[in-house]
S.K.: 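Can you keep this structure in mind? I'll have questions shortly.
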2 protein chains.
Amino acid sequence: MEAMPKISESEWEIMKIVWKENPLTAEQIAHKLPEGMGWSDQTVRTFINRLVKKKALGYEKSGRSYLYSPLISEKECVRAESRSFLNRVFNGAAGLMMTNFLEETPLSDQEIERLQRILTEKQGKGSQDASRPKP
Amino acid sequence: MEAMPKISESEWEIMKIVWKENPLTAEQIAHKLPEGMGWSDQTVRTFINRLVKKKALGYEKSGRSYLYSPLISEKECVRAESRSFLNRVFNGAAGLMMTNFLEETPLSDQEIERLQRILTEKQGKGSQDASRPKP
DNA sequence: GTTTAACTATTACAAATGTAAATATAACGG
DNA sequence: CCGTTATATTTACATTTGTAATAGTTAAAC
């Protein structure tokens, strides 16, 4: 798992785009950025370069430009970032965090049902006891 | 709501302590920090000072030292940080985020039940339709 | 082939952050 | 009162981040 590189806020914007679809040229990435972003082309390229340096993006030459692709998985990054957030803000208490989110966030009935289904599924599975002997 | 100051990772450690109990002297804060932290006394004082500069902490003189107290509420900070995280990592999709957490996090049956209770309570309340006329 | 237009790479620079040392200050002990 | 010492304030410095401008390179066009 190679110690996830630390992805900054701006770099996340780039990564989200490249995860969704790849490979992409720098220009394509710049164009797919959300409107309000307002970054100059050079800024975008700087972020891309930093991500390459961090081994978060890889590239291959194609014509006059490079095609960038992710070298680290979105799942891993989301997991790492989530853990960091959880520790920073909730001292690692996932239950507390979720309670908090549930209380603060408006959810559609559909979403509520989906979450409930997931919870019910989890229920029997005894995931609270991680120390069982392997069969 | 005064545009929450941005609290850095290290600064969060300080704030969490002062929120839990206050007022505290710099020394007390330093002592209450988690073991593994390994910050020098001066480092802790630097963080405290930055938090004062950011108006996150206030102080009052007492004998030879200051007593620090939070000027911003934990709730507000948690909310701000949560929103930032949600946007950065999940593009603001709270439902997706929660699904993800539920799937990845081991929870005790107790916690599961608590979350289910909260969800059930939310269910009728139609929080997905925020545009109802006030009674 | 040489110019040029598009890309990349290098460099810049200020603010924030992590980490502290050095210096000033003031209160407490005697 | 005066020194000692605990505190606070100032200063330091490297790294990361946000935000580019400028310089270098190379494929494409002619």
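Chain identifiers are assigned alphabetically (A, B, ...) following the order of the sequence lines, protein sequences preceding nucleic acid strands; residue numbering begins at 1 within each chain. Just so it is clear, the structure is predicted and the values come from calculations on it, not from any experiment.
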S.K.: Provide, to the nearest angstrom, the distance between the CD1 atom belonging to A:Ile14 and the P atom belonging to D:dT17.
M.R.: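 Going from CD1 in A:Ile14 over to P in D:dT17 covers 14 Å.
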
S.K.: Check whether any side-chain N or O of B:Trp39 sits under 4.0 Å from OP1 or OP2 of C:dA20, and answer yes or no.
M.R.: no

S.K.: Can you list, in residue-number order, the parts of residues 43-60 of chain B that come under 4.0 Å of DNA chain C, counting heavy atoms only?
M.R.: B:Thr43, B:Thr46, B:Phe47, B:Arg50, B:Lys54

S.K.: Can a salt bridge be assigned to the pair A:Glu21 and A:Lys32 using a cut-off of 4.0 Å between side-chain N and carboxylate O?
M.R.: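 Looking at A:Lys32 together with A:Glu21, the answer is yes, because their closest N to O distance falls below 4.0 Å.
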
S.K.: Is it true that A:Lys20 and A:Glu74 have a side-chain N and a carboxylate O under 4.0 angstrom from each other?
M.R.: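 A:Glu74 and A:Lys20: not salt-bridged.
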
S.K.: Compare the minimum distances between each of C:dT17, D:dA8, C:dA27 and the side chain of B:Lys61, then state the nucleotide with the smallest one.
M.R.: C:dA27

S.K.: Choose from D:dT7, D:dG18, D:dA20 the nucleotide whose nearest atom is closest to any side-chain atom of B:Glu27.
M.R.: D:dT7

S.K.: Ignoring hydrogens and geometry beyond distance, is a side-chain donor-acceptor pair present between B:Thr120 and A:Gln116 at under 3.5 Å?
M.R.: yes

S.K.: Are any of the side-chain heavy atoms of A:Met4 and A:Lys54 separated by less than 4.5 Å?
M.R.: no

S.K.: Do the side chain of A:Gln42 and the base of C:dA12 come within less than 3.5 angstrom through a donor-acceptor pair of N or O atoms?
M.R.: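 Absent.
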
S.K.: With side chains defined as the heavy atoms from C-beta onward, is the minimum distance between B:Pro34 and B:Glu13 less than 4.5 Å?
M.R.: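 When only atoms from C-beta onward are counted, B:Glu13 and B:Pro34 do touch, with a gap below 4.5 Å.
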
S.K.: Does a side-chain N or O from B:Ser8 land closer than 4.0 Å to OP1 or OP2 of C:dT17, or not?
M.R.: no

S.K.: Grab the CD-P distance between B:Glu9 and D:dT17 for me, whole Å please.
M.R.: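 Taking atom P of D:dT17 as the reference, CD of B:Glu9 is at 11 Å.
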
S.K.: Tell me: CD1 of B:Ile7 to C1' of C:dT17, nearest whole Å?
M.R.: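 Whole-Å distance recorded here is 13 Å.
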
S.K.: Taking the basic N atoms (NZ, or NE/NH1/NH2) and the acidic carboxylate oxygens, is any pair closer than 4.0 Å for A:Glu103 and B:Lys122?
M.R.: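 Salt bridge between A:Glu103 and B:Lys122, a charged N being under 4.0 Å from a carboxylate O: no.
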
S.K.: Please give me every residue in residues 29-37 of chain A whose heavy atoms get under 4.0 Å of an atom in DNA chain C, ordered by residue number.
M.R.: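 Residues of residues 29-37 of chain A under 4.0 Å from DNA chain C: none.
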
S.K.: Rounded to the nearest angstrom, tell me the gap between atom CG in B:Leu67 and atom C1' in D:dA8.
M.R.: 14 Å

S.K.: Taking the side chain from A:Trp19 and the backbone from A:Ile72, do they hold a donor-acceptor pair closer than 3.5 Å?
M.R.: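 Yes; at least one donor-acceptor contact below 3.5 Å.
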
S.K.: Taking atom C1' of D:dG18 as reference, at what distance in whole Å does atom NZ of B:Lys6 sit?
M.R.: 12 Å

S.K.: Would one find a side-chain N or O of A:Tyr66 under 4.0 angstrom from OP1 or OP2 of C:dA6?
M.R.: no

S.K.: Both A:Thr25 and B:Ser10 contact DNA chain C. Taking the nearest nucleotide for each, which residue is further toward the 5' end?
M.R.: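 Closest to the 5' end, via its nearest nucleotide, is A:Thr25.
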
S.K.: Which value, rounded to the nearest 0.5 Å, describes the distance between B:Leu102 atom CG and B:Ile112 atom CD1?
M.R.: 8.5 Å

S.K.: Strictly below 4.0 Å: does A:Arg64 bring a side-chain N or O up to OP1 or OP2 of C:dC7?
M.R.: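 For C:dC7, OP1 or OP2 has a side-chain N or O of A:Arg64 closer than 4.0 Å.
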
S.K.: Do B:Glu11 and C:dA16 share a donor-acceptor pair, side chain to base, under 3.5 Å?
M.R.: no

S.K.: Check whether the side chains of A:Arg50 and A:Thr46 place a donor and an acceptor atom closer than 3.5 Å, and report yes or no.
M.R.: no

